[in-house]
Amino acid sequence: MQITPSIHALRHSFKIPINQGVVIERFVYSYIIFGEMITLIDSGVAGCEKTIFEYIRSSGGDPSDIALMILTHSHPDHIGAAAAIQQLTGCSVAAHPAERSWIEDVALQNRDRPVPGFAAFVGGSVHIDNELVEGDSIEPDDTRVGEMQVLYTPGHSAGSISLFLHREGALFSGDAIPVAGDLPVYDDALLSVQSVKKLKAIRGIRVLLSSWDEPRNGDDAYLRMDLALDYLQLIHQAVLASTDDGFTDLRELTGKAATVLGIPPQAVNPLLSRTFAANLRLRERKNLLSDS
């Protein structure tokens, strides 16, 4: 899908196995920035390199033109094909330093944060060549694309980054902006709120390019961020309300809060419990959206 003359979006569909015969259908976007060379933002799960390479060829390019692959964070649906892409193209790999250990040692990530289907989603570890931190600038192409600013947007993960391509008014947000009504995934609820507010404060966003949502243009981009903030507060309220009759078991609480939020029972898994545990750590704070 062409977003602008330089930016193209690729939607990768995959299925997460939950238990016997039960799967959750998901998708994730990766983004290709065409110029003299190609910059790839996120890789999708293992096997997505085939789709990416086919799209580049169909657009008149060659996979070997990929010079830089930026990983917005270390989770399986963002780094799954990274090792294959790097091995086949020789591209440089960039990410935030807080994500390095889980990108360079995927077995460690699987131990620290087990995800159903992890082994099938991740093709291997990959070395980070360049660390990206708040305020860094990247020039994907000296003649056509312009400067891209690195924004530190933790919450979903410790080292999540977003990228703002000024010339195109394009904000690549990774998973920093939760999709209202969708499965919430974050490690720090308050940092998630602060990161969304930070992105919402950027003026001149013409297109919002998230990983778990369709591209959003103009005012709709800012609306999606408002909805994300409201959803983060709604989740917090649902989790805290689920402790009213006495909190004993995290899995039981996860099921109760999921029911309130309309999350299907098959999506109640340890990853969702990890998310709600982040809210429990803030149980003394009723309103995540207030600045106090």
Visitor: Do other residues, nucleotides or ligands put more than 12 heavy atoms under 6.0 Å from K15 NZ?
Guide: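 No.
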Visitor: Measuring from atom CD of Q194 to atom CG of L229, what distance do you get when rounded to the nearest 0.5 angstrom?
Guide: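 Here the interatomic distance stands at 11.0 Å.
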Visitor: Quick one, I56 with I66, criterion side chain to side chain contact (heavy atoms under 4.5 Å, CB included). Give me CA distance, side-chain angles, the key distance, then yes/no.
Guide: CA-CA 9 Å; I56 290 172; I66 300 175; 3.7 Å; yes
Visitor: What's the separation between atom CG in D42 and atom NE2 in H12, rounded to the nearest 0.5 Å?
Guide: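 Atom-to-atom, D42:CG and H12:NE2 are 9.0 Å apart.
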Visitor: Tell me whether L209 shares a hydrophobic cluster with F27, the cluster being built from Ile, Leu, Val, Met, Phe, Trp, Tyr side chains joined at under 4.5 Å.
Guide: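 Hydrophobic grouping puts L209 with F27.
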Visitor: With side chain to side chain contact (heavy atoms under 4.5 Å, CB included) as the test, would you mind laying out the steps for F53 and T89 before giving the verdict?
Guide: CA-CA 10 Å; F53 291 170; T89 68; 3.9 Å; yes
Visitor: I'd like to know if the side chain of R100 and the backbone of P97 have a donor-acceptor N/O pair within less than 3.5 Å.
Guide: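 Not confirmed, R100 side chain does not pair with P97 backbone.
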Visitor: How close do A221 and L208 get, heavy atom to heavy atom, and via which atoms?
Guide: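 Where A221 meets L208 most closely, the heavy atoms are CB-CB, 3.6 Å.
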Visitor: Could you tell me whether the side chains of S173 and S210 share a donor-acceptor contact shorter than 3.5 Å?
Guide: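 A donor-acceptor contact under 3.5 Å links the two side chains.
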Visitor: Measure from the side-chain N and O atoms of H236 to the backbone N and O of L289, and report whether any donor-acceptor pair falls under 3.5 Å.
Guide: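 Not confirmed, H236 side chain does not pair with L289 backbone.
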Visitor: Answer whether the closest heavy-atom distance between the side chains of R283 and T243 falls below 4.5 Å.
Guide: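 Not in contact.
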Visitor: Side-chain heavy atoms under 4.5 angstrom apart, residues restricted to Ile, Leu, Val, Met, Phe, Trp, Tyr: same cluster for L88 and I38?
Guide: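 Same hydrophobic cluster.
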Visitor: Could you check whether N279 and Y186, counting side-chain N and O atoms only, form a donor-acceptor pair closer than 3.5 Å?
Guide: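 Yes.
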Visitor: Same cluster for L132 and Y152 if Ile/Leu/Val/Met/Phe/Trp/Tyr side chains link at under 4.5 Å?
Guide: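 Different clusters.
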Visitor: Could you go step by step and tell me if I16 and N269 meet the side chain to side chain contact (heavy atoms under 4.5 Å, CB included) rule?
Guide: CA-CA 11 Å; I16 302 175; N269 60 62; over 6 Å; no
Visitor: Would you check if L165 and F172 make a side-chain contact, meaning some heavy-atom pair closer than 4.5 Å?
Guide: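 Answer yes - side chains close enough.
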Visitor: Is E104 reaching over with its side chain to a backbone N or O of I128, donor-acceptor style, under 3.5 angstrom?
Guide: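 Checked: pair present.
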Visitor: If you round to the nearest 0.5 Å, how far is CG of N287 from CG of L282?
Guide: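 So the CG of L282 and the CG of N287 are separated by 12.0 Å.
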Visitor: Hey, does the side chain of S43 reach the backbone of H78 with a donor-acceptor pair shorter than 3.5 angstrom?
Guide: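 Confirmed, S43 side chain pairs with H78 backbone.
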Visitor: Can you tell me how far apart CZ (F276) and CG (L261) are? Round to the nearest 0.5 Å.
Guide: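 Answer for the CZ-CG pair, F276 versus L261, is 5.0 Å.
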Visitor: Taking Q2 for the side chain and H8 for the main chain, is one N or O donor matched with an acceptor at less than 3.5 Å?
Guide: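 Checking the backbone N and O of H8 against the side chain of Q2, no donor-acceptor pair under 3.5 Å is found.
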Visitor: Indicate yes or no for a side-chain donor-acceptor contact from E49 to the backbone of A81 under 3.5 Å, with no hydrogens or angles considered.
Guide: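 Between the backbone of A81 and the side chain of E49 there is no qualifying donor-acceptor contact (under 3.5 Å).
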Visitor: Would you kindly say whether D175 and H73 are connected by a side-chain donor-acceptor distance under 3.5 Å?
Guide: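 Checked: D175/H73 side chains pair up, N/O donor to acceptor below 3.5 Å.
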Visitor: Between V185 and L227, is there a shared hydrophobic cluster once you connect ILVMFWY residues whose side-chain heavy atoms come closer than 4.5 Å?
Guide: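 In one cluster with V185: L227, no.
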Visitor: What is the minimum heavy-atom distance between M37 and A67, and which atoms define it?
Guide: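 M37 and A67 have their closest heavy atoms at CB-CB, 3.9 Å.
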Visitor: Check whether any side-chain heavy atom of Y29 sits under 4.5 Å from a side-chain heavy atom of L10, and report yes or no.
Guide: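 No; the side chains remain at least 4.5 Å from each other.
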Visitor: Using every non-hydrogen atom in the two residues, find where V193 and L288 come nearest and quote the distance to one decimal.
Guide: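 Smallest heavy-atom distance, with atoms named: CG1-O, 3.6 Å.
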Visitor: Of the options I79, V93, V106, which is the one that meets V126 in a side chain to side chain contact (heavy atoms under 4.5 Å, CB included)?
Guide: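 Among the candidates, only V93 passes.
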Visitor: Salt bridge or not for D244 and K256, using N-O below 4.0 Å?
Guide: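 Not counted as a salt bridge, because no side-chain N and carboxylate O are separated by less than 4.0 Å.
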Visitor: Within a reach of under 6.0 Å around NZ of K200, are more than 12 heavy atoms found that belong to other residues, nucleotides or ligands?
Guide: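 No, the 6.0 Å shell around NZ holds no more than 12 heavy atoms from other groups.
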Visitor: Return yes if some donor-acceptor pair links the side-chain N/O of E147 with the main-chain N/O of F164 below 3.5 Å, else return no.
Guide: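 No: the side chain of E147 does not pair with the backbone of F164.
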Visitor: Would you indicate whether the side-chain heavy atoms of S162 and I177 approach each other to under 4.5 Å?
Guide: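 The answer is no, as the side chains (C-beta and beyond) never meet within the 4.5 Å cut-off.
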Visitor: Can you tell me how far CZ of R206 sits from OG1 of T4, rounded to the nearest 0.5 angstrom?
Guide: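 T4 OG1 to R206 CZ: 9.0 Å, rounded to 0.5 Å.
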Visitor: Check for a donor-acceptor pair, side chain of S195 on one end and backbone N or O of P154 on the other, with a separation under 3.5 Å.
Guide: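 Answer holds: yes.
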Visitor: Below 3.5 Å, can you tabulate the donor-acceptor pairs from side chains in residues 108-118 to any protein atom, sequence neighbours excluded?
Guide:
residue, atom, partner, partner atom, Å
Q109, NE2, S74, O, 3.0
Q109, NE2, W102, O, 3.2
D112, OD2, W102, NE1, 3.0

Visitor: Hey, does the side chain of K286 reach the backbone of L240 with a donor-acceptor pair shorter than 3.5 angstrom?
Guide: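 No, K286 side chain to L240 backbone: no donor-acceptor pair under 3.5 Å.
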Visitor: Measure across V268 and R251 and return the closest heavy-atom pair with its distance rounded to 0.1 Å.
Guide: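 Closest approach of V268 to R251, heavy atoms only: O-NH1, 4.0 Å.
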Visitor: Please name the pair of heavy atoms, one in Y231 and one in P178, separated by the smallest distance, quoted to 0.1 Å.
Guide: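 What the structure gives for the nearest pair is CD2-CB, 4.5 Å.
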Visitor: Distance from K50 atom NZ to I85 atom CD1, nearest 0.5 Å?
Guide: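 The CD1 atom of I85 is 10.5 Å from NZ of K50, to the nearest 0.5 Å.
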Visitor: If the test is side-chain hydrogen bond (donor to acceptor under 3.5 Å, both in side chains), which one of H156, R274, R281 qualifies with D187?
Guide: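 The side-chain hydrogen bond (donor to acceptor under 3.5 Å, both in side chains) with D187 is passed solely by R274 among H156, R274, R281.
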Visitor: Do Y31 and I138 share a hydrophobic cluster (ILVMFWY, side-chain heavy atoms under 4.5 Å, transitive)?
Guide: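 Yes, same cluster.
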Visitor: Short question: side chain of D220, backbone of N217 - any donor-acceptor pair under 3.5 Å?
Guide: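 Not confirmed, D220 side chain does not pair with N217 backbone.
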Visitor: Give the minimum heavy-atom separation between A46 and G123, together with the two atoms involved.
Guide: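 Taking every non-hydrogen atom into account, CB-N, 3.7 Å.
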